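Labels below follow one simple rule: chain letters A, B, ... track the order of the sequence lines, proteins then strands, and each chain is numbered from 1. Only a predicted model underlies this, so the values are computations on that prediction, with no experimental measurement involved.
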Amino acid sequence: MSDGHDTHHTDDDCGCSDAEATRPAGEGAVPDGGTATEAGGEFEPVDVFDGSDMDLRPGADSCYKCTSCDTSCPVAEVDDSFPGPKFQGPEQWRLKRKEDTEIDDSIMGCSNCMRCDGACPSDVPLSQMHNSARGEYVDNQMDKLSREYIRNRILANYGTLARVGSKVPRLTNAVMGNSLVQKINEKVLGITAERDFPEFADETFRSWWKRRGGPKVHSEEKRIAYFHGDYANYNTVEVAKALVRVYEEFGYEILVPDQRCSGTPMFANGMLDDARRSAKVNVENLGDAIENGYDVVASCTSCSMALRQEYPEQFDLDGTETVAANTYDALEYLLVHENVIDPIRAVDGDQLDLPDFAYHAPCHSRNQGLDRQAVELFRHLDGVDVEDVGDSCSGISGTYGWKEEKYDYSMEIGEEMFEHMEHAEGETGMTECPTCSMQMEHGTGYEINHPLEVLEKALVDTDVEV
Amino acid sequence: MAPGLASDDRSTLLVGFEAATDFDAPLAADRLTAAGVPFDVEGATVAFPGEYRADAAVTRLAHALERDEDAGEGRSTRQRLADRVRPHLGDAERVGFPAILGDAHVEDVRADLSERLDAEVFEIPTGPPSLPGIRLEDRLFEALDEAGVSMTTGNPVVDHETDADGRIERVYIDRNGARIPYRADAYVLATGGLVGKGVDSDRDGPREAVFGCHVPAPDDRMAWSGEGAFADHAFARFGVDPDDRLRPLDAGGSPEFANLFAAGGVVGGADVAREKSASGVSLATGLVAGRTAAEEA
Ligand code: SF4
Ligand code: SF4
């Protein structure tokens, strides 16, 4: 798409003059301008194409106001009080550099879906800017005794709650499913009563793994360390088990290292200290695994996103870059290293107990460039239709849609996806993200599967050779 | 947009919105009149119906029109918009709006407004964010999807491998440090020019950024640019030098790779800023490169 911007840039002034204005005189032009011969008075051609100091320049100056980020932002589209990513990111950043202004409180309106980050053709580090601004806002400007803070802290630390709740899954499910408790949650905490709390599995993935005796396949060459995250451990255990079965079918030795929450909900709520604590444990343990020849795979695209992008952007931890460079989404990794397509082609989908699917690509998979992999893979599975329901955001963005004051926006954002799901042939949903999955179920009543569960049915439960 | 043709002599009303400041209808009408167009043209500015922030996103306004949302007083967005435009109509036979008349269903909105105003409604393309651009993009992806094309976006190609015949065998994209291989029979290079960062340059000269293709440039660096900002700069023409199948050529005039084709800003030779030909060059080269690449596949 960069080509498109090239096009308009040359036709009219798309705001580069603004970038010129903030550039100290005498620095000449930057590689994206090429027109700043007048900026420095004396023209020195050597500077025209010298991009070397570009990296040191705060990312705000890379913004040429193309507005791609703003048009990609699902929140700005429904929430009139939210000024959008261009303001939130590069513009606020610039203001801040001139004088030490406070962070605008609209930052708390951002759901951290990161669509803007992926949409920017000019590599402006939007998500990094949002995360930093949000962290600063929460640290310095938010009342730590306020209902909003307490509520956000609770939502952000879902894993801690889950650890306790999952000890007595049935009791917790009964209590959390109680409508009176939901009302109290809404009134006291500001957690919407409209949604049903996800149920805890009777047995966590980790206890299942332990009871099973760990890996059944051993290999020196093919080794993955599984980052399951909290949700697949406590709630959607069947996704985690599907990953194990699929990877073992392909001959991988699986390690399930000790781990904490990936930090995604903490970033989204500006709880950077909590996120850092989690990140430190994860980077250490995953780093050790990588040293022992394992590659890291995650089944949740927000988890892989955090490990690959948010950790190195936010924290200067030892080994973060190595973890980022060796972490993959579960489906992505298989597609790179194994021939998945031929076995899938060999399967007769009509013989499988599989419905047609309406697939939604989570924003965090989109930002990793993985939004197409599931539909493109299952094209090869005869007899099972997997239809992409479009590029809209599901609207829940992790904890965003759980907030009482955001619930309506969340559903309004999700409307397009719900509509497309209704129109699709399949009446079962498919997605990689646990919270998108909640939203899909909430909006349509469909059951939702993970691509790994479909792979399991197609390749493990049949006698096809992989 | 066709009913907005300047060679058409039907009288015209241009309508702008207070919220969408990048199109000033009265000013545009004056300029057209001054330019001697063969039709009468007036401009009017109206408030967009409904409650919106002063700088509401145009996509938001487009969707309000497309869904024909309730705009207060028991009337819908399109109804109220037509009400506001009607007093300005005079004997105009066609009405031009900035291009925000909806997204996927723009034709429905246009037809409905035309009927309400009893005049043919058309859109005028404005600066970014451009809904016509977004619509084109959506149509492109839809067509690709239908054709069974695989797509991945948002991550840069950082490396490639060639086979014994010098054809590109695979490319690697970078995802936060992880190298992911992709393979195809043919590759179309559409990475943009200097602005789009498809062409890099350093002291040794300019070079195509992904495959390192040859980019012709004067040896004397002083000759890269002319005097003054709007001069005929050599650098403005920087880009790969393609053969008639749009394969980038090396310094000796033979294709760099048999299966690489170039389109858009990365193709050199034209100063698209001065010529105002960027869209034309992109569309024409895109078509040819796509077709010739398909012959390889
Ligand atoms: S931040 Fe990026 S996407 Fe947003 S306006 Fe600037 S250049 Fe465009
Ligand atoms: S992260 Fe999402 S909600 Fe936040 S500004 Fe970017 S696009 Fe908007």
Among [options], who wins on heavy-atom pairs under 4.5 Å with chain A?
options	result
B:I173, B:V199, B:D145	B:D145
B:G154, B:G198, B:P181, B:G148	B:G148
B:L131, B:V149, B:T153	B:V149
B:D138, B:I134, B:T59, B:I180	B:I180

Ignoring hydrogens and angles, state whether a donor on the side chain of [X] or [Y] is under 3.5 Å from an acceptor on the partner side chain.
X	Y	result
A:E313	A:Q309	yes
A:S106	A:Q88	yes
A:T301	A:Q368	no
B:H63	A:E77	yes
A:Q373	A:D329	yes

Less than 4.5 Å to any heavy atom of chain A: does that hold for the side chain of [X], its backbone, both, or neither?
X	answer
B:E51	backbone
B:R183	neither
B:V281	neither
B:D174	neither

Count the heavy-atom pairs under 4.5 Å between each of A:L370, A:D70, A:N326, A:D388 and chain B, then report the option with the highest count.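 Winner by heavy-atom pair count: A:L370.
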If you count heavy-atom pairs under 4.5 Å between each of A:T322, A:V375, A:T71, A:D295 and chain B, which one has the most?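 The option with the most such pairs is A:T71.
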Could you look at [X] and say if it's the side chain, the backbone, both or neither that has a heavy atom under 4.5 Å from chain B?
X	value
A:F82	backbone
A:E376	side chain
A:A324	both

A:F315 and A:Y311 aromatic ring geometry - parallel, tilted or perpendicular at 30°/60° bounds: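 Answer is tilted, since the angle falls between 30° and 60°.
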Regarding A:R308 and the six-membered ring of A:Y328, is the cationic atom NZ or CZ under 6.0 Å from the ring centre and inside 45° of its axis?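 Yes, a cation-pi geometry.
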Hey, would you say the B:H160 and B:Y172 ring centroids sit under 6.0 Å apart?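 Judged by ring-centre distance (under 6.0 Å), B:H160 and B:Y172 do not meet the cut-off.
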Is there a donor-acceptor contact under 3.5 Å from the side chain of A:S365 to the main chain of A:A361?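 No; zero donor-acceptor contacts below 3.5 Å.
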